[in-house]
> 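Here it is, the structure in full.
From a predicted model like this one, the values you see are computed outputs, not experimental measurements.
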Amino acid sequence: LDVFGVRDERNLRWMDKLAAETGCLVFAPDLFRTKPWDAEVYGGSTSSPAYETWRSLHPPERVVEDIRASSRFLRSKLQAAAGGGTQLESQCKFGAVGFCFGGGRVLEALAQDNFAGPVDAAVVFYP
């Protein structure tokens, strides 16, 4: 998602719409560990020094690892629900979507040789 996190009303509406229109299961990890960007809390806009201070709380390496761990977790849960067979591999496809900050992290995760997904498709919206 983006810097506003998984509980942001716009992000929740987007995830609901994606699920409704595609029939896909939508899973969004809390990459900011309950501390998404909030201009009222941190003061300033996303072009302010306060934003850069907030970003330093979420190093890209840790966020990328959280994306990878989330992907492994989701795949393991779906495999267990499917009885652990190979049916999951042939029927389920995994995708990743990221906006702005999240888009950059998705690209970084996909660029790593050891990305544990697997992710079959990715869409990145990065200005």
Side-chain angles (χ1 to χ4, degrees):
L1 292 173
D2 62 16
V3 296
F4 302 105
V6 297
R7 292 174 184 85
D8 177 75
E9 187 60 37
R10 292 167 297 187
N11 288 333
L12 290 170
R13 281 195 310 267
W14 186 87
M15 290 183 288
D16 286 344
K17 184 175 182 177
L18 179 64
E21 291 183 6
T22 65
C24 293
L25 172 66
V26 175
F27 176 80
D30 184 1
L31 299 177
F32 307 116
R33 299 181 177 179
T34 73
K35 294 178 180 67
W37 169 253
D38 184 331
E40 292 180 22
V41 171
Y42 297 102
S45 69
T46 55
S47 59
S48 71
Y51 176 72
E52 293 306 318
T53 299
W54 171 84
R55 273 185 52 152
S56 71
L57 301 173
H58 308 289
E61 300 79 18
R62 198 261 312 146
V63 174
V64 166
E65 181 51 39
D66 284 358
I67 292 169
R68 295 169 60 218
S70 297
S71 178
R72 289 190 303 265
F73 170 79
L74 183 58
R75 183 164 290 279
S76 72
K77 292 297 182 186
L78 290 173
Q79 282 179 322
T86 59
Q87 180 180 8
L88 176 72
E89 296 300 321
S90 64
Q91 293 182 349
C92 291
K93 302 296 180 195
F94 283 75
V97 178
F99 297 92
C100 201
F101 179 89
R105 303 304 73 81
V106 166
L107 286 176
E108 290 169 353
L110 292 173
Q112 293 183 6
D113 290 340
N114 59 351
F115 178 75
V119 170
D120 300 294
V123 178
V124 172
F125 301 91
Y126 193 82

> If you define the side chain from C-beta out and look only at heavy atoms, does anything of Phe94 sit under 4.5 Å from Leu78?
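Yes, at least one pair of side-chain atoms sits under 4.5 Å.
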> With a 3.5 Å distance limit and no angle check, can you tell me whether His58 reaches the backbone of Lys35 through a side-chain donor-acceptor pair?
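Confirmed, His58 side chain pairs with Lys35 backbone.
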> When the ring centroid of Trp37 is compared with that of Phe101, is the distance short of 6.0 Å?
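Aromatic pair excluded; centres sit 6.0 Å or further apart.
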> Restricting to side chain to side chain contact (heavy atoms under 4.5 Å, CB included), what partner residues turn up for Pro49, sequence neighbours left out?
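Scan of Pro49 (side chain to side chain contact (heavy atoms under 4.5 Å, CB included), adjacent residues dropped) gives none.
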> Applying side chain to side chain contact (heavy atoms under 4.5 Å, CB included), can you list everything that pairs with Asp30, at least two apart in sequence or on another chain?
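Result, side chain to side chain contact (heavy atoms under 4.5 Å, CB included) vs Asp30: Val6, Arg7, Phe32, Thr34.
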> Is there a side-chain contact between Thr53 and Tyr42, using heavy atoms and a 4.5 Å cut-off?
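The answer is no, as the side chains (C-beta and beyond) never meet within the 4.5 Å cut-off.
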> For the pair Arg72 and Glu65, find out whether any cationic side-chain nitrogen is under 4.0 Å from an anionic carboxylate oxygen.
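Result for this pair is yes, salt bridge flagged.
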> Taking atom CG of Asp38 and atom CG of Asp8, what is their separation to the nearest 0.5 Å?
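That separation rounds to 9.5 Å.
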> Is the closest basic N to carboxylate O distance between Asp2 and Arg10 below 4.0 Å?
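Not counted as a salt bridge, because no side-chain N and carboxylate O are separated by less than 4.0 Å.
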> CG/Leu31 to CZ/Arg105 distance, rounded to the nearest 0.5 angstrom?
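Here the interatomic distance stands at 10.0 Å.
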> May I ask you to decide if Arg68's main-chain N or O and Ser71's side chain share a donor-acceptor pair within less than 3.5 Å?
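Side chain of Ser71 to backbone of Arg68: no pair is present.
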> Just do the side-chain contact (heavy atoms from CB on, under 4.5 Å) check on Leu25 and Leu74 with the steps written out, would you?
CA-CA 10 Å; Leu25 172 66; Leu74 183 58; 4.2 Å; yes
> How long is the span from the OG1 atom in Thr46 to the CH2 atom in Trp54, to the nearest 0.5 Å?
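One finds 10.0 Å between OG1 of Thr46 and CH2 of Trp54.
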